[in-house]
Structure formats: structure tokens, C-alpha cells
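Below: one structure, written as C-alpha cells.
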Amino acid sequence: MSDDFRPRSDFLSVLLERGFVHQCSDLEGLDRKAEAGELVAYIGFDCTAPSLHVGSLVQIMLLRWLQKTGGKPVALMGGGTTRVGDPSGKDQARQLLSLETIAANKEGIKQIFSRFLTFGEGKTDAAMPDNADWLGTLNYIDFLRDVGRHFSVNRMLSMDSVKLRLERESELTFLEFNYMCLQAYDFVELYKRHGCILQMGGSDQWGNIVTGIDLGRRMGTEQLYALTSPLLTTASGAKMGKTAQGAVWLDASMLPVFDYWQYWRNCEDADAGRFLKLFTELPVDEIARLQALGGAEINEAKKILATEATAMVHGREAAEAAAEAARKTFEEGALAESLPSVAIARAEVTAGLGVLAAFVKAGLVASTGEARRQIKGGGLKVNDVTLTDERAVIGESDLTDDVVKLSLGKKRHVLLRAV
RNA sequence: GGGGGAGUGUCCCGAGCGGCAAAGGGGGCGGACUGUAAAUCCGCUGGCUAUGCCUUCGUAGGUUCGAGUCCUACCUCCCCCA
């Protein structure tokens, strides 16, 4: 990527300015296309999970910015390719999913996208095709003859994703090996169907995308383009979007809004500015000001990051509520109504609920054994009082407005609500 | 087809003379210090109705008072030869 390139299109201006671009096959060419208007670009998402998590957020934002700057975003559902699996350097071949699971996952993912993009039939309305539509009916012989002849095995063998597997002597099945052919074919197909000339994706997709461009040239499309976003890691090098509890889901039923807000609030200082640019839509000069805050003041920036990023996914109201719950919990030590809560039968409390069982029910610990260990380490609190006796019992006297607050460590809180 | 090697705590890597709930590390969680940060230090890191019981070392059998460890068969993966 050339440093002295100055984009004229809104689309690339925003992307470059906000740190979305890792590699691009031809910035100037793409810039001209974007400037001419109605740039159609796509990103593929596989359907391996019932929802999307923070790891896909950069990609989602790319599509959102495209739409905001006058382009047409296409979110390709990999209903077909999910049945194959990307080699992508992982040692383990991906588990093959059933058709029903894939269909269900697709539904969940649609929900997420509808919060970020405007769908419809208009010129800049987003579309969500599924490559199962064309891959599913593909005839093997026809595919080999029309498409397969354009692929060079020599080239494919030299690609990092493949090379890595070969070098590690880790098995790479023919099935996986074909993944990139199908993905390349998707690009050509989307060009034909939607006039899509740009494929975006994470930096690990570079090889696959370029293969698509290449296939396009051989099959007579116009010039296609590739643009990848940087692989996101936290300042200390960990992958984004994973916590001990699992992935940071963008679906409130899989991760409470409060926890989502907390995820951003707890990012490392060094990441705050970068994340504000990528995951919020605040103006960059405003972000520069926030980023410049030093010491404890950077917490203000992180709170803004959390609220803005949460508002994007869960709506402004829910985000404000999460921010308020956090403020009450951490800054006042008060009991906030909107902490994640778990319902429990009143009778259980009346009869006296053992603390070990209570924490397991709240989902804060995985087993009574873990609860015991945490108590020993001073990690569990009931209504902000550190537990010292694992045989303690929660009774009606512990309820305030039918609620007991259970805490694991300083940050994780759940309200147990008697009903 | 023939020969050689490997599979360990359901996060990963990895030690393991027949007494093993199984060394060590990474990761994670908790505590201290801070600012709900980073770095550092300390503790924890199979399950349970718990001085006991149950389930774990690829799968199924066997030898033994006792098997992750020895024997047999099978499964999976890797290497070499054909």
C-alpha cells in the first residue's frame, strides 16, 4: 500500500483514515471506481455459528461504510462453502455441519446484519445472497470444464494457507483444497449477478480473493479488486473477540448487553484509539482528542468506546442502560437494575439456597467445585460481601426487592431474581 | 502391500521405573498493586450429596492385589520402502 496515495472517493478516504486497510490490489483503480459511484462490493461470511462475534465486526463495518458512502454492500452467506471448510492454516479440518444447522445459523446471522445495513431492492440497498444457490446445483463435469481449467495447481500449492499445511505435514484433504476454487468462483458469480467488482475480507483471505480476481480475468469479467483489513489483535497480541467465557457474540441472547459493553470498556489502553476508529462512527478528530488522554483519563475514552460500540449493535437505549449499570456498579458500588439477571424460584430461596448452588445457577462458575475454589481464593461475593464459608445459605433476608447480587471477582456480576 | 513412529488432564503444548487425579509450561480464572488498563507478584485450574465416592491418558479386551505404564486386537495420524 503506497503511503503517498490520496484517495478521492469517500469510501476509500474513510477506510484509510480509520485503519481498515491492510492490503489492496489497486488502490488507485478502485478509487476511480468508487468515485464513479455505485461500487458493489462483497464479503463472505460462513455459517459455522448461530451468530457473529466481534471477530467479524471489522468486516461488518466495512460493508456499513460502503453503504454510507454510496456503495452497495453484499453480504455473502457461505451456505455452500460452509459445507466444505477453509483450510486457512488451521491444522484441524473443519467439522462438517448438517444442512439444518447451516440454515439455522444463517437466520441468526441475518438478524445481526439487519442492524448494520439497510436491505432492500434499491441501488445502494444491501443484498444477502447465499452461495448455496449456485454451488448447490453445480455440476462437477461442467465446473471442471468451465472453471477448473483456469486454476493452476502449481499456484495453489504455493499459497500460504496450503503451504503451511504441507510444511507441517498436516493432512489437507481434497475437499479443503477445493475451498479456494469455490470462493474464487463466488466472486465471478457475484460479478455476474450483482456487478460486484470488489471483494473484501480479513488479511488471511488475501490469497483467496486474488485467486478470484485471477479467475475473473480468465473468464472475462472486468477488472476485479481485492481489499483486506488488518488481522485484529489486542495490543498485547491476543486475538480479538475471545474471552474465557467464549466468543464475544453480537447477539444479546448469547451475550448480555452489559457484558458486551464491559468487553469494550475493559480493552487495553493502547487499543482505545484504534478501536474507536474501527468500531464507532465518531469523527476522527474527536477520536484523536480522546486518544490523546493520558493516564486514568483514558477511561473516559474507553467508556465512550463501549457505549458507542454497544449502541451500534444493541441500540442506543440498551447501550446507555449498560453504561448506567456499569456506572452504578463500579463507581457507586450500588445495585444496578440492568445487570444481567437469572430468574430463580422463590421457593428455593425461602427454603435457603446454598451459595455454591446459587453461583452455579447464576452461571458465574461451572461447577460447585469451582465455586468452592473461588471462595477459597476470595473471589465470590454475595451482595458485595466476600464469602468465606462455602456452606453459607442465601435466604429471604438477603433479598432486596426480590434480588440478590452475586459477584465473581470485581467485574462479573449477576442478579438472582426470585420469581 | 511391507517396515518404523505417534495418540496423555474435553483450551493448547507436553513429561510420565506397574502404586497416578497423573510433573512442567502456555492460556484462563481469582487475589494483591492500580484506573474496571498494562506490567509485576501470589493462589487456583477433573466431578460429586466430600476426611469418602465416581470418571479420566485413541477404542475394546487381557495379565496383575494394583495398568497412562505390560500383552492382544482394532481405530486414527505421520514417516520410510514397494
Side-chain angles (χ1 to χ4, degrees), chain A residues 89-93 95 164-173 176 233-248 256 258-276 290-307 309-310 322-334 336 339-340 351-382 384-391 393 405-414:
Chain A
K90 290 280 165 283
D91 290 326
Q92 289 289 307
Q95 207 184 352
L164 217 70
R165 291 281 286 269
L166 294 178
E167 275 166 12
R168 285 197 214 161
E169 291 167 353
S170 163
E171 170 119 316
L172 176 68
T173 64
E176 294 171 275
T233 55
T234 67
S236 43
K239 263 196 186 157
M240 282 286 294
K242 299 269 176 172
T243 69
Q245 286 72 47
V248 180
F258 178 79
D259 290 343
Y260 188 77
W261 192 93
Q262 281 296 311
Y263 173 75
W264 294 108
R265 171 63 245 264
N266 285 312
C267 78
E268 297 176 28
D269 287 5
D271 288 324
R274 199 159 51 103
F275 288 177
L276 278 163
L290 290 170
Q291 194 171 10
L293 295 173
E297 285 184 10
I298 192 80
N299 281 327
E300 287 313 309
K302 292 206 266 189
K303 284 179 206 166
I304 291 171
L305 167 66
T307 302
T310 305
E324 179 58 16
R327 199 184 61 77
K328 277 195 180 149
T329 307
F330 291 105
E331 291 172 27
E332 287 177 12
L339 286 174
L353 177 61
V355 288
L356 298 174
F359 274 90
V360 173
K361 272 186 202 296
L364 287 170
V365 295
S367 65
T368 61
E370 190 188 336
R372 260 179 253 269
R373 286 192 291 270
Q374 289 294 4
I375 289 172
K376 220 172 284 174
L380 298 188
K381 296 199 193 94
V382 173
D384 298 312
V385 179
T386 304
L387 277 174
T388 50
D389 181 6
E390 62 181 49
R391 282 168 310 184
V393 168
K405 178 178 169 192
L406 304 184
S407 312
L408 165 63
K410 281 179 289 204
K411 295 181 187 172
R412 307 199 54 218
H413 309 279
V414 167

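Per chain, numbering begins at 1; letters A, B, ... match sequence-line order.
- Counting to the nearest Å, the C1' atom of U36(B) and the NZ atom of Lys381(A) are 12 Å from each other.
- Rounding to whole angstrom units, CG of residue Asn266(A) and P of G28(B) are separated by 14 Å.
- Each of Trp261(A) and Gly409(A) lies near RNA chain B, and the nucleotide nearest Gly409(A) is the one positioned closer to the 5' end.
- The CG atom of Asp269(A) sits 11 Å away from the P atom of U36(B) (whole-angstrom rounding).
- Here G31(B) presents its C1' atom at 15 Å from CD1 of Ile375(A), a figure rounded to the nearest Å.
- Checking Gln374(A) against Ile298(A), the closest nucleotide of RNA chain B that is more toward the 5' end is the one next to Gln374(A).
- Judged by atom type and distance alone, Glu370(A) does not reach the base of U45(B) through any side-chain donor-acceptor pair under 3.5 Å.
- In C20(B) the O4'-C1'-N dihedral to the base is within 90° of 0, which defines a syn nucleotide.
- A close approach under 4.0 Å does occur between a side-chain nitrogen or oxygen of Lys410(A) and OP1 or OP2 of A32(B).
- Side-chain contact check for Leu380(A) versus Leu406(A): every heavy-atom pair is 4.5 Å or farther apart.
- Every residue two or more places apart in sequence or in another chain was checked for a salt bridge (charged side-chain N to carboxylate O under 4.0 Å, His left out) with Asp259(A), and none qualifies.
- Closest approach to the Asn299(A) side chain among A38(B), U36(B), G35(B) is made by G35(B) (side chain taken as heavy atoms from C-beta onward).
- Rounded to whole angstrom, the span from the OH atom of Tyr263(A) across to the P atom of G28(B) amounts to 12 Å.
- Contact check on Glu331(A) versus Lys303(A) returns a salt bridge, with a Lys/Arg side-chain nitrogen under 4.0 Å from an Asp/Glu carboxylate oxygen.
- The shortest distance between side-chain heavy atoms of Thr329(A) and Leu339(A) falls below 4.5 Å.
- For Ser367(A), counting side-chain heavy atoms from C-beta on, the closest listed nucleotide (C29(B), G35(B), C48(B)) is C48(B).
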Each nucleotide N or O in nucleotides 50-53 of chain B that has a protein N or O under 3.5 Å away: list the pair and distance.
unit_1: A50(B); atom_1: N6; unit_2: Arg372(A); atom_2: NE; d: 2.7
unit_1: A50(B); atom_1: N6; unit_2: Arg372(A); atom_2: NH2; d: 2.9

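- Comparing the C1' positions of G27(B) and U76(B) gives a spacing of 27 Å, expressed to the nearest Å.
- In this structure, U10(B) makes no Watson-Crick or G-U wobble pair, since no nucleotide meets both defining distances under 3.5 angstrom.
- Comparing the P positions of C42(B) and G47(B) gives an interatomic distance of 25 Å, to the nearest angstrom.
- Ala272(A) comes within 4.0 angstrom of no nucleic acid atom, judged by non-hydrogen atoms across all strands.
- Taking atom NZ on Lys303(A) and atom C1' on U36(B), their separation rounds to 9 Å, with Å as the unit.
- Among the heavy atoms of the strands lying under 4.0 Å from Arg265(A) is at least one base atom, whether or not backbone atoms are also near.
- In this structure, Lys376(A) reaches neither bases nor backbone, as no heavy-atom distance under 4.0 Å exists between it and the strands shown.
- Put simply, the side chain of Asn299(A) gets close to the backbone of Ala296(A): a donor and an acceptor are under 3.5 Å apart.
- Rounded to whole Å, atom C1' of G28(B) lies 13 Å from atom CZ of Arg373(A).
- At whole-Å resolution of the value, CG in Leu276(A) and C1' in A37(B) are 15 Å apart.
- The partner of A39(B) is absent, by the rule that a Watson-Crick or G-U pair needs both atom distances under 3.5 Å.
- Separating the C1' atom of G16(B) from that of A60(B) is a span of 24 Å, rounded to the nearest Å.
- Within the 4.0 angstrom heavy-atom criterion, no nucleotide atom of any strand lies near Leu380(A).
- Of the charged side-chain nitrogens involved, none lies within less than 4.0 Å of a carboxylate oxygen, so that Arg373(A) and Glu370(A) do not count as a salt-bridged pair.
- When the P atom is compared between C71(B) and G7(B), the two are found 14 Å apart, to the nearest whole Å.
- Rounded to whole Å, the P atom of C70(B) lies 9 Å from the corresponding atom of C17(B).
- In this structure, A60(B) forms a base pair with U72(B), meeting either the Watson-Crick or the G-U wobble geometry with both donor-acceptor distances under 3.5 Å.
- Distance CG/Leu276(A) to CG/Leu305(A): 4.5 Å, rounded to 0.5 Å.
- Between His413(A) and Phe330(A), the ring-plane angle classifies as perpendicular under the 30° and 60° cut-offs.
- Nucleotide G1(B) has C81(B) as its partner under the Watson-Crick or G-U criteria, with both atom distances under 3.5 Å.
- Comparing the P positions of C74(B) and G28(B) gives a spacing of 43 Å, expressed to the nearest Å.
- Across all strands shown, Gln262(A) has heavy atoms under 4.0 Å from base atoms, whether or not it also approaches the sugar-phosphate.
- Salt-bridge check for Lys381(A) with Asp384(A): failed, with every basic side-chain N at 4.0 Å or more from each acidic carboxylate O.
- For A37(B), one of the phosphate oxygens OP1 or OP2 lies less than 4.0 angstrom from a side-chain nitrogen or oxygen of Lys411(A).
- No donor-acceptor contact under 3.5 angstrom links the side chains of Trp264(A) and Thr310(A), judged on distance only.
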